[in-house]
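Down below is the structure, laid out as structure tokens.
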Amino acid sequence: LSAYLRLLTRVRREGPGSVPAAGPVIVAANHHCSLDPFLLIATTPPERMPAFLIAREFAEWPLFSRLVRLAGGIPVNRTGLDTAATRAALRHLRRGGVLGIFPQGGIRPPDEDPVPHDGVGLLALQGPATVIPAFISGTHATPNVLTPWLRPQRAVVRYGPPVDLTRWRDRGRDRTACAEAAREVMRAIMALRPATEDAPPDGKGRDNAAAPR
């Protein structure tokens, strides 16, 4: 899979950030197409491959379910609070695992206001976990699941330093703290956006109490 991705996307890793060799970690990134989870897998150390929270409708789609399993997918409902998925994600983190999260939820167009769901803040604070931001560029932004797998592109995944969530660390059960931490993570992701792209707002926006995505 990694070899195919490198051939198809010519993915390149950039940036000063790296996934710590041990301990619970969240890799948080923007999400423009169905390749994104696999691009993060291809650019992280094999021994620290992230698992992902993936929308249940994709996780159970016959043509996609095998790839989801390869990506260590944790199915999650996007229609409301999914406590089972949240507990599964927390167990993974508390075992010292790496979790990949797209704070905006599903696939979003690049020009959309990057408003995060609170779930990334909840998991980061209750894990607790180190959060490494990443920005994926150079892919074909589309909600179509199959198209990105059939078109060559030049993907770049830029990793940043850990997000400083110190001010919220002891407030993991505080909904406001989780929302503020989520916005801080989103700002760190958008700060890695290439200067050649027109950047939307920096992640400030309405509070959203949805489940982790």
Side-chain angles (χ1 to χ4, degrees), residues 1-21 23-54 71-72 97-117 119-121 123-124 129-143 147-149 151-165 181-205 213:
L1 179 60
S2 292
Y4 174 74
L5 282 170
R6 292 184 184 281
L7 178 64
L8 176 71
T9 68
R10 288 177 272 188
V11 62
R12 186 173 78 251
R13 186 193 187 287
E14 293 184 349
S18 61
V19 176
V25 176
I26 291 173
V27 178
N30 59 312
H31 193 17
H32 296 330
C33 78
S34 61
L35 283 173
D36 295 336
F38 305 97
L39 293 173
L40 294 179
I41 288 172
T43 53
T44 52
E47 67 277 10
R48 297 293 277 162
M49 186 177 78
F52 287 86
L53 289 166
I54 297 178
V98 180
L99 186 68
I101 294 181
F102 302 108
Q104 290 171 272
I107 294 171
R108 297 288 185 264
D111 58 352
E112 182 177 295
D113 184 3
V115 179
H117 294 285
V120 66
L123 292 172
T130 299
V131 180
I132 303 295
F135 192 95
I136 303 167
S137 60
T139 57
H140 296 290
T142 173
T147 299
W149 294 86
R151 299 176 63 181
Q153 47 221 298
R154 291 179 179 272
V156 176
V157 184
R158 182 170 180 80
Y159 288 85
V163 183
D164 185 1
L165 300 178
R183 289 195 293 270
E184 186 67 17
V185 170
M186 198 72 231
R187 280 191 285 270
I189 293 169
M190 298 310 296
L192 299 170
R193 186 183 179 101
T196 54
E197 297 187 22
D198 294 326
D202 65 359
K204 297 177 181 178
R213 301 293 199 262

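Worth knowing before you read on, the calculation uses all heavy atoms, side chains too, and leaves out hydrogens, waters and symmetry mates.
To the nearest 0.5 angstrom, T44 atom OG1 is 9.0 Å from E47 atom CD. Taken to the nearest 0.5 Å, the CD atom of Q104 stands 7.5 Å off from the CD1 atom of I189. Once rounded to the nearest 0.5 Å, the distance linking NE2 of H140 with OG of S34 reads 11.5 Å. Taking CG from D113 and CE from M186, the interatomic distance works out to 9.5 Å, rounded to the nearest 0.5 Å. Expressed to the nearest 0.5 Å, how far CZ of R154 lies from OG1 of T139 amounts to 14.0 Å. The distance from the CD1 atom of I136 to the CZ atom of R193 is 12.5 Å, given to the nearest 0.5 Å.
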Handout entry: Step-by-step side chain to side chain contact (heavy atoms under 4.5 Å, CB included) determination, L40 to F52
Key = CA-CA 10 Å; L40 294 179; F52 287 86; 3.8 Å; yes

Handout entry: Derivation and outcome, side chain to side chain contact (heavy atoms under 4.5 Å, CB included), residues V27 and V19
Key = CA-CA 8 Å; V27 178; V19 176; 4.0 Å; yes

Exercise for the section: Evaluate the side chain to side chain contact (heavy atoms under 4.5 Å, CB included) criterion for residues E14 and S137: first the C-alpha distance (whole Å), next the side-chain angles of each, then the deciding distance (0.1 Å), finally the verdict. Expected result: CA-CA 11 Å; E14 293 184 349; S137 60; over 6 Å; no

Exercise for the section: Go through the steps to decide whether V163 and E184 satisfy the test side chain to side chain contact (heavy atoms under 4.5 Å, CB included), and finish with yes or no. Expected result: CA-CA 8 Å; V163 183; E184 186 67 17; 3.8 Å; yes

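Annotation: side chain of P50 is in contact with side chain of I41 (closest heavy-atom distance under 4.5 Å). Side-chain contact check for V11 versus V156: every heavy-atom pair is 4.5 Å or farther apart.
Scanning both residues, A28 and V185, for their nearest heavy atoms gives CB-CG1, 3.7 Å. Across all non-hydrogen atoms, the minimal contact from P16 to P161 is CG-CD, 4.0 Å. Shown here for V157 and A134, the closest heavy-atom pair between the two residues is CG1-CB, 4.2 Å. Across all non-hydrogen atoms, the minimal contact from T142 to I107 is O-CG2, 3.8 Å.
A donor-acceptor pair is defined here as one N or O able to donate and one able to accept, closer than 3.5 Å; no such pair exists between the side chain of R108 and the backbone of H32. At distances below 3.5 Å, not a single donor-acceptor pair connects side-chain atoms of H117 with backbone N or O atoms of P103.
In summary, the side chains of T43 and Y159 do present a donor paired with an acceptor at a separation below 3.5 Å, with no hydrogens or angles considered.
For the side-chain contact (heavy atoms from CB on, under 4.5 Å) test with V98, the passing option among I132, T130, V25 is V25; the others fail.
Using a 30° and 60° split on the angle between ring planes, H31 and F102 fall in the parallel class, below 30°.
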